[in-house]
S.K.: 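Provided herewith is a single structure, encoded as structure tokens, for subsequent inquiry.
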Number of protein chains: 2
Amino acid sequence: MCARKSKKFKLTPAMEDYIEAIGIIKQEQGVARVRDIGNFLHVKPSSVHSALSNLSKKGFVIHERYEFVDLTPEGEKAAKDVIKRHNILLSFLTMVLGIDRSVANRDACLMEHSLSGETVQKLMKFIEFAQNCPGQEEPEWLHRFKHYYQTGELRDCRKRAGK
Amino acid sequence: MCARKSKKFKLTPAMEDYIEAIGIIKQEQGVARVRDIGNFLHVKPSSVHSALSNLSKKGFVIHERYEFVDLTPEGEKAAKDVIKRHNILLSFLTMVLGIDRSVANRDACLMEHSLSGETVQKLMKFIEFAQNCPGQEEPEWLHRFKHYYQTGELRDCRKRAGK
DNA sequence: TCTAAATGTTAGATTCGTCTAAGATTATTA
DNA sequence: TAATAATCTTAGACGAATCTAACATTTAGA
């Protein structure tokens with residue numbers, strides 16, 4: 001339990017952040033520049049540069065001197081994957097737990113690198129479950145949770161029918 | 001969104017891991033030695049040593065040459081805090097999402113360093129809510145989620161009474 | 001067009017967390 | 001108790017991720 005040294009991830013959290021940033025910036029602005037990435041991640045252009053040359057060697061980004069930054073197909077795939085993890089966490093934190101969006105975003109940014117595939121899957125299903133209960137804006141159990149959170153009071157959690 | 005460089009944490013994830021390990025080992029075996037900590041975290045004794053001298057300078061651990069390792073009151077507090085975050089995540093992953101314990105533990109180890117106070121609070125309440133629904137081993141909504149997860153089928157999520 | 005501002009790159013330093021290898025100390029046991 | 005085993009410490013190296021400061025290139029405006 002709690003071993004240090006990940007092994008599991010080919011990409012470090014930092015590298016995932018760069019790839020994610022490039023994906024988001026490209027999506028928002030069409031192209032990504034060194035400066036944009038630096039602003040997005042709050043690091044200096046020189047840091048971006050060294051990260052990019054690393055990711056370039058590893059085959060995730062394309063970056064010619066003084067040019068725009070782009071993702072390779074593998075980079076695109078990685079970006080989509082991190083962004084998905086981020087959004088799943090964000091949805092859970094805001095929709096289910098009712099956490100403030102900015103706090104939720106910060107937490108999601110940090111946690112998005114640590115989720116196993118299994119957890120991503122199940123969390124996604126859980127959010128779907130919370131969203132898809134038909135015929136209402138919010139399912140009853142979630143409403144009850146919010147009530148419990150605010151008042152500390154557990155209202156009728158009646159036994160389920162079968163079993 | 002997604003700024004690198006935490007600023008927020010006085011303790012790095014690595015340092016939190018060391019403190020947590022010491023707390024757990026002390027709790028299980030009475031005393032913690034360099035070697036135990038190294039085994040626990042899968043790092044070499046020399047790494048433990050340098051971490052300890054760092055934590056010692058910062059006032060979280062007490063460590064005299066060739067002696068057992070101990071936590072200062074501040075270290076105890078920090079250990080309790082991380083362990084709590086770990087356990088909350090573990091409970092959520094296993095009990096609510098139904099994730100395999102070993103996977104859940106691995107995820108919890110990585111995520112435990114990234115939870116804001118607000119998220120810890122709400123997640124704890126959520127688990128209490130799932131546990132404390134009276135008169136049953138598992139609340140109905142959780143049962144429904146598991147059904148949904150296994151079959152993809154949403155059973156009657158009836159409208160809640162009021163509102 | 002040519003110069004100033006913006007942007008990008010390079011070199012070199014720093015911090016963190018790890019390692020290996022060698023030596024020091026403590027514990028065990030023959 | 002003396003040799004051996006286990007444990008701990010030190011020294012030095014390395015990779016990752018960042019920074020600052022100086023320099024190069026591109027872009028845009030006068």
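Throughout, a chain's letter reflects where its sequence line sits, starting with A, and its residues are numbered from 1. The structure displayed is predicted, hence computed values, not measured ones.
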S.K.: In whole angstroms, how far is the C1' atom of C:dG17 from the NE2 atom of B:H42?
M.R.: 17 Å

S.K.: Sorted by first residue and then second, give each salt bridge (charged side-chain N to carboxylate O under 4.0 Å, His left out) pair with at least one member in residues 39-65 of chain A; sequence neighbours left out.
M.R.: none

S.K.: For B:D81, is there an ion pair with B:R85 - N to carboxylate O distance below 4.0 angstrom?
M.R.: yes

S.K.: What pairs of residues pass the salt bridge (charged side-chain N to carboxylate O under 4.0 Å, His left out) test when at least one of them lies in residues 26-40 of chain B, not counting sequence neighbours?
M.R.: B:K26-B:D70, B:K26-B:E76, B:R33-B:D36

S.K.: A:R35 has an atom CZ; how far is it from atom P of C:dT9, in whole Å?
M.R.: 11 Å

S.K.: Report the hydrophobic cluster partners of B:V31, with the cluster defined as I, L, V, M, F, W, Y residues connected by side-chain heavy atoms closer than 4.5 angstrom, directly or transitively.
M.R.: B:F68

S.K.: Starting from C1' on D:dT7, measure out to CD on B:E64 and report it in whole angstrom.
M.R.: 17 Å

S.K.: Side chain of A:T12 only, heavy atoms from C-beta on: which candidate in D:dC8, C:dC16, D:dA16 is closest?
M.R.: D:dA16

S.K.: Find the distance B:M15:CE to C:dC16:P and express it as a whole number of Å.
M.R.: 9 Å

S.K.: Could you check how far CD1 of A:I37 sits from P of D:dA17, rounded to whole Å?
M.R.: 15 Å

S.K.: To the side chain of B:P45, which of C:dC19, D:dT9, C:dT7 is closest?
M.R.: D:dT9

S.K.: In chain order, what residues pass the salt bridge (charged side-chain N to carboxylate O under 4.0 Å, His left out) check against A:K80, with sequence neighbours excluded?
M.R.: none

S.K.: Of all residues at least two apart in sequence or in a different chain, which pass the ring-ring contact (aromatic ring centres under 6.0 Å, His included) check with B:Y18?
M.R.: none

S.K.: Check salt bridge (charged side-chain N to carboxylate O under 4.0 Å, His left out) between A:D107 and all other residues, then give those that pass, not counting sequence neighbours.
M.R.: none

S.K.: Apart from B:I62 itself, what residues make up its hydrophobic cluster when side-chain heavy atoms of I, L, V, M, F, W and Y under 4.5 Å apart count as a link, directly or indirectly?
M.R.: none

S.K.: If I take atom CZ in residue B:F68 and atom C1' in nucleotide D:dT7, what distance separates them, rounded to the nearest angstrom?
M.R.: 11 Å

S.K.: Assign the ring pair B:F126 / A:F126 to parallel, tilted or perpendicular, where the plane angle (0 to 90°) is split at 30° and 60°.
M.R.: perpendicular

S.K.: What's the shortest heavy-atom distance between B:K122 and A:G98, and which atoms?
M.R.: NZ-O, 3.0 Å

S.K.: Side chain of B:Y18, heavy atoms from C-beta onward: which of D:dT20, C:dT20, C:dT18 has the nearest atom to it?
M.R.: C:dT18

S.K.: Tell me the interatomic distance from A:K10, atom NZ, to D:dA16, atom P, rounded to whole angstroms.
M.R.: 17 Å

S.K.: Judged by each residue's nearest nucleotide on DNA chain D, which is more toward the 5′ side, A:K44 or B:H63?
M.R.: B:H63

S.K.: Give the angle between the helix axes at the two ends of the helix from C:dT1-D:dA30 to C:dA30-D:dT1, taking five base pairs at each end and rounding to 10°.
M.R.: 0°

S.K.: For A:L41 and D:dT18, what is the distance between atoms CG and P respectively, to the nearest whole Å?
M.R.: 8 Å

S.K.: N/O contacts under 3.5 Å, protein versus nucleotides 24-28 of chain C?
M.R.:
| residue | atom | partner | partner atom | Å |
| --- | --- | --- | --- | --- |
| C:dT25 | O4' | B:Y66 | OH | 3.2 |

S.K.: Got a sec, which residues hit salt bridge (charged side-chain N to carboxylate O under 4.0 Å, His left out) with B:K125, two or more places apart in sequence or on another chain?
M.R.: B:E128

S.K.: Heavy atom of residues 46-55 of chain A under 4.0 Å from DNA chain D: which residues?
M.R.: A:S46, A:S47, A:S50

S.K.: Sequence neighbours excluded, which residues qualify as side chain to side chain contact (heavy atoms under 4.5 Å, CB included) partners of A:A104?
M.R.: A:L90, A:L93, A:T94, A:I99

